[in-house]
Amino acid sequence: MSNRQILQVFETYQKARVTFVQTVADLSLRQQNVEALQSAGVMALLRPLLLDTVPTVQHTAALALGRLANTNEDLARAIVDGDILPQLVFSLAEQNRFYKKSAAFVLRTVAKHDPDLARAVVDAGALDPLITCLEEFDPSVKESAAWALGYIARHNAELSNDVVAAGAVPMLICCIQEPEISLKRISASALSDICKHTPELAQAVVDAGAIAYLAAQIDSSDAKLKRQVFSALSHIAKHTVQLAELVVEAEIFPAVLSSLKDTDEYVRKNVATLIREVCKHSPELAHLVVNCGGAAAIVDFITHAEGNARTPGIMAVGYIGTYTEKLAMAVIVSHAVAPLVDALKNEKTDHVRFTAAWALGQLGRHSPVHAKAIADANAFPALIDAATEPTSPADLRSKASFALQSVLQKCVHLPALEALLTDAPPSILQHVVGQFAKVLPNDAKARKLFVTSGGLKKIQEIQAEEGTQLADAIGVINSSFPPEIVKYYSPGYSDTLLERLDQFKPDGDAATSEAIEAV
């Protein structure tokens, strides 16, 4: 046999290997093929091909493994159990850029499923070579490595701490400064995954100078990059007031407010989340946001948003309104109450509704003026419905009831209170009646209006147990009116008058007889 014929055998074998790995990689893209490939023992066949002498076969085999692990946790676990990870990690530091990209892809798809698999990737020694890949010239290798680090860090604080300790943060910050948009996105996402767990991890990201480079991207035209930037900044700000102040000091306000009207839903939601995380820490930070026009901007956001996207905006409004009368009024005059009532009445998701109820309570609990603004928006019936609806979850009923009580204790707008006398449940009714008991003894005009509007009659119709707060409040109200008026509006008083009429006999004296004859 000639040399040519011998070489032909090897070429045929090589072509067969290339065809096999490429076909498996293509089949792995479809979820319905994965089970059949697994049953055929594809993992055992791909493993030796990772060490093939042909680079194309190597990196395509790694690509196929990554795609299989991406769609199926069992196959990801099979990669760990089959001792493939050490092989990938070793080759990550030695092979060409195509293989590095595919190997990092495999590590990412294994790590993404759960903390145990991510821990297996770390224990295989993957962190150092992945960080080294962030120094590669090829942006696609950097992207793949940054993605893998982010997927490792996202699970818990312990894994994130390992990523930080390995020195990943400075390299990820360098990657944010690269011109490639996709690399910026993935690096910002990885930083977000690192700093979301604990204040210490967020501080490590801040100490490396991340805030300035993240803040520089908020005016980007790329929506996906802005999503990740705002997510990272909100994860930094959420932990402590000091971290929130560092975020604010990057002069992101009022620039971020324009992104509340971004065309991308997730950008809008993440900006609202950032504002919420800043406002929740202190009245000074809330003042800063309001003074930059943040109140009007966040109210406009919750007016037009729907569903879960509304939640961070509603919470931001609630946090701003929590601190002082002035801040709460700033939100109220920005027309916040109407969209909050709309969310409470019309949203389908329970946690959005109880967040709206909580926010209404925070805005209205400061003074009679604040409470009147809540009442004027017809919020009381919506809160009562939420507090008494049998199908509502306990959290919603509790939040709505507490919010209603908080506002009622400040409300002296009697027409709004009077409308609740017939609809309020007993637990709320005592607060409503209690407010009348505070106002009526000191306001003659209000007492007259209370009688003519039918309020006094409604009070007499309430059945209250002796010795309760409700009974005491009714007693105070009744003592504010002449006894004959109270008696006149008491239930059954007309029957009493009719009985007296039946028993009444006119006097038959001479003067009466003469008057009758004269008629």
Side-chain angles (χ1 to χ4, degrees), residues 1-113 117 120-121 124 126 129-130 132-133 136-148 151 180 182-183 186:
M1 184 177 287
S2 66
N3 286 341
R4 184 181 181 120
Q5 290 173 315
I6 294 172
L7 291 174
Q8 186 68 39
V9 173
F10 284 93
E11 286 177 7
T12 303
Y13 178 48
Q14 178 177 323
K15 288 179 182 178
R17 299 198 311 278
V18 171
T19 302
F20 173 74
V21 292
Q22 287 178 341
T23 305
V24 170
D26 292 340
L27 290 172
S28 302
L29 287 170
R30 296 183 178 275
Q31 177 73 37
Q32 61 265 32
N33 297 331
V34 172
E35 189 174 344
L37 289 169
Q38 186 178 8
S39 301
V42 69
M43 304 299 285
L45 296 172
L46 289 173
R47 180 182 177 185
L49 296 177
L50 293 172
L51 298 175
D52 198 276
T53 55
V54 180
T56 302
V57 175
Q58 287 182 348
H59 74 75
T60 309
L63 179 63
L65 279 172
R67 288 176 177 175
L68 289 166
N70 192 44
T71 58
N72 191 305
E73 184 178 341
D74 292 336
L75 288 173
R77 207 167 290 282
I79 290 175
V80 174
D81 295 340
D83 289 329
I84 296 175
L85 287 180
Q87 193 171 312
L88 286 166
V89 171
F90 174 77
S91 301
L92 196 61
E94 303 293 331
Q95 297 293 340
N96 61 43
R97 59 195 176 96
F98 300 105
Y99 186 87
K100 288 179 178 180
K101 179 180 176 182
S102 298
F105 173 59
V106 178
L107 296 175
R108 165 166 66 92
T109 56
V110 171
K112 82 170 194 175
H113 292 287
L117 289 171
V121 172
L130 283 172
T132 302
C133 286
E136 282 285 326
F137 179 76
D138 188 344
S140 64
V141 176
K142 294 180 182 179
E143 288 174 24
S144 196
W147 217 338
Y151 271 74
E180 292 80 15
S182 57
L183 180 56
I186 295 166

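- Between His113 and Ala69, the shortest heavy-atom contact is NE2-O, 2.6 Å.
- By the side-chain contact (heavy atoms from CB on, under 4.5 Å) test, Ala124 pairs with Leu85, Val89, sequence neighbours left out.
- Legend: residues meeting salt bridge (Lys or Arg N to Asp or Glu O under 4.0 Å) with Lys142, ordered by chain and number and at least two apart, are Glu178.
- To the nearest 0.5 Å, atoms CG (Asn70) and CZ (Arg108) are separated by 6.5 Å.
- For residues 67-80, the set of pairs meeting the salt bridge (charged side-chain N to carboxylate O under 4.0 Å, His left out) definition, not counting sequence neighbours, comprises Glu73-Arg77, Arg77-Asp114.
- Summarising the geometry, atom CD1 belonging to Ile79 is positioned 10.5 Å from atom CG belonging to Asp81; distances are rounded to the nearest 0.5 Å.
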For Val18 and Thr60: C-alpha separation, side-chain torsions, deciding distance, then whether side chain to side chain contact (heavy atoms under 4.5 Å, CB included) applies.
CA-CA 8 Å; Val18 171; Thr60 309; over 6 Å; no

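- The heavy-atom pair separating Ala62 from Ser102 by the smallest distance is CB-CB, 3.6 Å.
- Nearest approach of Ala120 to Val80, heavy atoms of both residues: CB-CG1, 3.8 Å.
- One finds the NZ atom of Lys100 at 5.5 Å from the SG atom of Cys133 (value rounded to the nearest 0.5 Å).
- Partners of Ser182 by side-chain hydrogen bond (donor to acceptor under 3.5 Å, both in side chains), not counting sequence neighbours, listed by chain and number: Glu143.
- Taking the charged nitrogens against the carboxylate oxygens, Glu136 and Arg97 have no contact shorter than 4.0 Å, which rules out a salt bridge.
- Considering CD of Gln22 and NZ of Lys15, their distance stands at 12.5 Å, rounded to 0.5 Å.
- Counting only heavy atoms from C-beta outward, the side chains of Leu65 and Met43 approach each other to under 4.5 Å.
- Atoms CG and OG, from Leu183 and Ser144 in turn, are 11.0 Å apart once rounded to the nearest 0.5 Å.
- The main-chain N or O of Gln8 is found under 3.5 Å from a side-chain atom of Thr12 such that the two form a donor-acceptor pair.
- A salt bridge (charged side-chain N to carboxylate O under 4.0 Å, His left out) check over residues 22-42, counting only residues at least two apart or in different chains, returns nothing.
- Between the OH atom of Tyr151 and the OG1 atom of Thr109 there is a distance of 9.5 Å, given to the nearest 0.5 Å.
- For Phe20, the ring pair (Phe, Tyr, Trp, His ring centres under 6.0 Å) test picks out no residue, with sequence neighbours left out.
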Criterion side chain to side chain contact (heavy atoms under 4.5 Å, CB included) on Leu46 and Ile84, from CA distance to verdict:
CA-CA 10 Å; Leu46 289 173; Ile84 296 175; over 6 Å; no

